[in-house]
Amino acid sequence: MPRPWKRLAGTSGPDKKGLSGKRTKTENSNELSALVENSNAQTTSDSKNHGQNLSNYWLMKTEPESRLEKGVDVKFSIEDLKAEPEQTACWDGVRNYQARNFLRAMKLEDEAFFYHSNCKEPGIAGLVKIVKEAYPDHTQFEKNSPHYDPSSKKDNPKWFMVDVQLVRKLKRFISLAELKTYHQAHKTSDGPLKNMALFTRQRLSIQSLTQEEFDFILHLEEKEAN
DNA sequence: GCCAACGTTGGC
DNA sequence: GCCAACGTTGGC
């Protein structure tokens, strides 16, 4: 899959409109995954939201260090997001169906962890929220974009993006190494991170989290780093 | 529709 | 920079 990064919001004026997410407190992520996972559905199956207002939780990977792809720097760190107008950016460049389907399942105000990948210190740097639901990713039509997709047609776009806004940086950086320690421990203790997608769906750039996973990770910022 | 070859992701 | 994991492609 393509990279997760995104790039500026400038090109796409974020707007807001709204709705709320859903999520039942049971296995959400699993059921959500089941709904969303492999379908290539094109139409925006308008949200399967039974009128609940439960939120979904996500993890979105981005590369905080410079790397050129087709001559274009794909770097996008939490500091880059912070520097954007309204601290908002569009999340372009996702070129994997499963990740795309998650993007399309995101609802306004859903929260996501902002994850730094492919870098010196991988891990969760901050919290963002969805401020614009899925709409076509314009970079798929741009020949000079590293994410140009000649097979995608304007009247039937393949790839989508959302806009995210910084909520805040976490009080401390939560490294992949730390999360992995918990993941390993939880596999035997039946703890909240035992099935975390970061470890079980290694290469997925957009992942969904259960409420338990989200809450557990968020509470880690209050503790000392291991 | 199988599956080998190939390309990408991303930690280390 | 290496390379394991795993998604995608395309021949058959």
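Hydrogens, waters and symmetry mates play no part in the numbers below; they use all other heavy atoms, side chains included. Remember, it's a predicted structure, so these values are computed and weren't measured experimentally. A note on names: the letters A, B, ... follow the listed sequences, proteins ahead of strands, and every chain is numbered from 1.
In the displayed structure, A/Lys120 atom NZ is contacted under 6.0 Å by at most 12 heavy atoms of other residues, nucleotides or ligands.
Nucleotide B/dG11 holds its P atom 11 Å from the CD atom of A/Glu65, rounded to whole Å. Distance CD (A/Glu63) to P (B/dT8): 13 Å, rounded to an integer number of Å. For A/Asn118 and C/dG1, the CG to C1' distance is 12 Å, given to the nearest whole Å. A/Leu176 places its CG atom 16 Å from the P atom of C/dA5, with the value rounded to the nearest Å. Straight-line distance from the CD1 atom of A/Ile206 to the P atom of C/dG7: 15 Å, rounded to whole Å. Rounding to whole angstrom units, CG of residue A/Asp149 and P of B/dT8 are separated by 13 Å. Note: CG (A/Leu198) to C1' (C/dA5) measures 14 Å, nearest angstrom. If you measure from atom CD of A/Glu121 to atom C1' of B/dC12, you get 13 Å, rounded to the nearest angstrom.
Here A/Ser175 pairs with nothing under the side-chain hydrogen bond (donor to acceptor under 3.5 Å, both in side chains) rule; sequence neighbours left out.
Between A/Asn96 and the phosphate of C/dT8, there is a side-chain N or O to OP1/OP2 separation shorter than 4.0 Å. Between A/Arg201 and C/dG7 there is a side-chain N or O to OP1 or OP2 distance below 4.0 Å.
The side chain of A/Ser117 has B/dG10 as its nearest neighbour among C/dT8, B/dC12, B/dG10. In the set B/dG10, B/dG11, C/dT8, B/dG10 carries the atom at the smallest distance from any side-chain atom of A/Lys61. Among the nucleotides C/dA5, B/dG10, B/dC12, the one closest to any side-chain atom of A/Gln202 is C/dA5.
Hydrophobic clustering, with ILVMFWY side chains joined whenever heavy atoms are under 4.5 angstrom apart, groups A/Ile217 together with A/Phe199.
Look at A/Glu178 and A/Arg172 and you find a salt bridge, because one of the NZ, NE, NH1 or NH2 atoms lies within 4.0 Å of a carboxylate O, short of that distance. Ionic pairing of A/Lys129 and A/Glu109 is present here: one or more N-O contacts between side-chain nitrogen and carboxylate oxygen are shorter than 4.0 angstrom.
Within the 4.0 angstrom heavy-atom criterion, no nucleotide atom of any strand lies near A/Phe199.
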